[in-house]
Amino acid sequence: MTLLSVQDVGKVFGTLRALDGASLTVDTRSFHGLIGPNGSGKSTLLKAIAGAHFATSGRISFDGHDITTAPPYERARLGMSLKFQITAILPQLSVYDNILLGLQAGNPVWSLGMSKTRRGLHAEVMQALERFRLAQRADDLAGELSHGQQQWLEIAMALARNPKILLLDEPTAGMSPQERRATGELLAPIREHCSLLIVEHDLDFIKDICDALTVLDQGKVVASGPTAAVQEDPRVKEAYLSHA
């Protein structure tokens, strides 16, 4: 069943056409990779889907709703969550409190003012930390975590409210090979309840976790479909080789 549908989306910045009729679909509980050479429009498309900027043309629908011009908060309410490439944790708060804030985002303001949610959310906070191998660092400042652990913390925060889809922009950038491998292992279980659309440069990483791939080049979709088929598509190989 289709959860996210992007149809003929274009994006123009002045005289620059960053996206030119890009289309893709993400099914419920599936992992979909968005790949392509540098400057191909991957992050631009992800931001159009998330509402960080609006598409100039085309249509984007999510869970049966037209969200083409919907503000980011409406997309979040429908079940969309996003993690950009640059980490946005709160470094001066504890690892525990970063997760707690993510969970409290869905609570009424009055309950937050009376501090009634911390105890009630403790089990969920610890479950999230354990899922991303951070339980032993719960009381440490988030800024003291390694780069890879900070990425895991932010992914855990993005998943805190159980979204229907998680958008990730190059989550393994700057990670060691061991951290990239662990990231794949940590993401795998979320398929049970959440779809994933991920922009990534590491092809070995993305082909191991994604059911389907969409390849962009110069703002246009070169190929889209099951991972194995897209990898062997001569148009995809040409797109990468031409930018080598």
Side-chain angles (χ1 to χ4, degrees), residues 3 28-31 46 50-52 62-63 72-176 178-198 200 205 209:
L3 178 64
T28 302
R29 296 186 178 88
S30 70
F31 284 9
L46 199 71
F62 175 62
D63 200 24
Y73 69 85
E74 287 189 9
R75 303 179 197 218
R77 286 176 180 172
L78 289 172
M80 183 177 288
S81 188
L82 169 70
K83 182 202 172 309
F84 284 124
Q85 182 178 356
I86 299 175
T87 308
I89 60 169
L90 300 171
Q92 296 306 313
L93 292 183
S94 70
V95 172
Y96 183 102
D97 283 343
N98 270 264
I99 298 293
L100 180 64
L101 285 174
L103 288 166
Q104 287 177 327
N107 289 109
V109 174
W110 65 265
S111 69
L112 299 180
M114 299 177 68
S115 299
K116 289 189 173 182
T117 61
R118 186 180 186 94
R119 184 168 54 189
L121 292 173
H122 176 74
E124 289 183 63
V125 172
M126 292 310 299
Q127 183 180 37
L129 292 177
E130 288 167 4
R131 184 186 307 163
F132 283 87
R133 305 178 186 178
L134 295 170
Q136 300 302 315
R137 305 295 302 273
D139 295 327
D140 295 341
L141 294 180
E144 296 174 353
L145 298 177
S146 69
H147 171 72
Q149 289 174 324
Q150 289 185 12
Q151 297 283 6
W152 296 343
L153 175 59
E154 191 173 5
I155 293 172
M157 293 167 65
L159 291 169
R161 296 188 62 198
N162 296 314
K164 295 174 184 175
I165 190 169
L166 174 63
L167 312 181
L168 293 181
D169 191 4
E170 298 189 36
T172 67
M175 287 188 182
S176 67
Q178 294 80 9
E179 289 174 326
R180 287 197 295 271
R181 190 179 311 111
T183 300
E185 295 170 356
L186 294 173
L187 286 173
I190 76 170
R191 188 192 302 271
E192 298 176 6
H193 56 84
C194 181
S195 296
L196 176 68
L197 178 60
I198 178 171
E200 186 55 69
F205 170 81
I209 69 168

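Computed from a predicted structure; not experimentally measured. For reference, positions follow the sequence shown, starting with 1.
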If you look at every heavy atom in [X] and [Y], which pair is closest and at what distance?
{"X": "Met175", "Y": "Trp152", "answer": "CE-NE1, 3.8 Å"}
{"X": "Ser195", "Y": "Arg29", "answer": "OG-N, 2.7 Å"}
{"X": "Pro163", "Y": "Met80", "answer": "CB-C, 4.5 Å"}
{"X": "Ile209", "Y": "Gly184", "answer": "CG2-CA, 4.1 Å"}
{"X": "Ser94", "Y": "Ala138", "answer": "CB-O, 3.7 Å"}
{"X": "Leu196", "Y": "Ile165", "answer": "N-CG1, 4.3 Å"}

Do other residues, nucleotides or ligands put more than 12 heavy atoms under 6.0 Å from Gln178 CD? yes
Should we count CD of Glu192 as having more than 12 external heavy atoms under 6.0 Å? no
So, taking the atom named [atom1] in [X] and the one named [atom2] in [Y], what distance separates them when rounded to the nearest 0.5 Å?
{"X": "His147", "Y": "Glu179", "atom1": "NE2", "atom2": "CD", "result": "7.0 Å"}
{"X": "Met126", "Y": "Leu134", "atom1": "CE", "atom2": "CG", "result": "10.0 Å"}
{"X": "Gln149", "Y": "Phe132", "atom1": "CD", "atom2": "CZ", "result": "13.0 Å"}
{"X": "Ile198", "Y": "Lys83", "atom1": "CD1", "atom2": "NZ", "result": "10.0 Å"}
{"X": "Leu3", "Y": "Lys164", "atom1": "CG", "atom2": "NZ", "result": "7.5 Å"}
{"X": "Arg133", "Y": "Leu186", "atom1": "CZ", "atom2": "CG", "result": "4.5 Å"}

Determine whether a donor-acceptor pair (N or O, by modelled atom type, separation under 3.5 Å) exists between the side chain of Gln150 and the backbone of Leu145. yes
Look at the side chain of Glu154 and the backbone N and O of Ile89, then say whether any donor-acceptor pair between them is shorter than 3.5 Å. no
Please walk me through it: do Leu121 and Leu103 pass side chain to side chain contact (heavy atoms under 4.5 Å, CB included)? CA-CA 8 Å; Leu121 292 173; Leu103 288 166; 3.9 Å; yes
Check whether Phe31 forms a cation-pi arrangement with Arg191 (NZ or CZ under 6.0 Å from the six-membered ring centre, at most 45° off the ring normal). yes
Does the side chain of Leu153 reach to within under 4.5 Å of the side chain of Met157, using non-hydrogen atoms? yes
Salt bridge flag under 4.0 Å for residues Arg180 and Glu200: no
Is there a side chain to side chain contact (heavy atoms under 4.5 Å, CB included) between Leu187 and Leu168 once you walk through the steps? CA-CA 11 Å; Leu187 286 173; Leu168 293 181; 4.1 Å; yes
Applying the side-chain contact (heavy atoms from CB on, under 4.5 Å) criterion to Leu82, which one of Leu166, Leu197, Leu46 satisfies it? Leu46
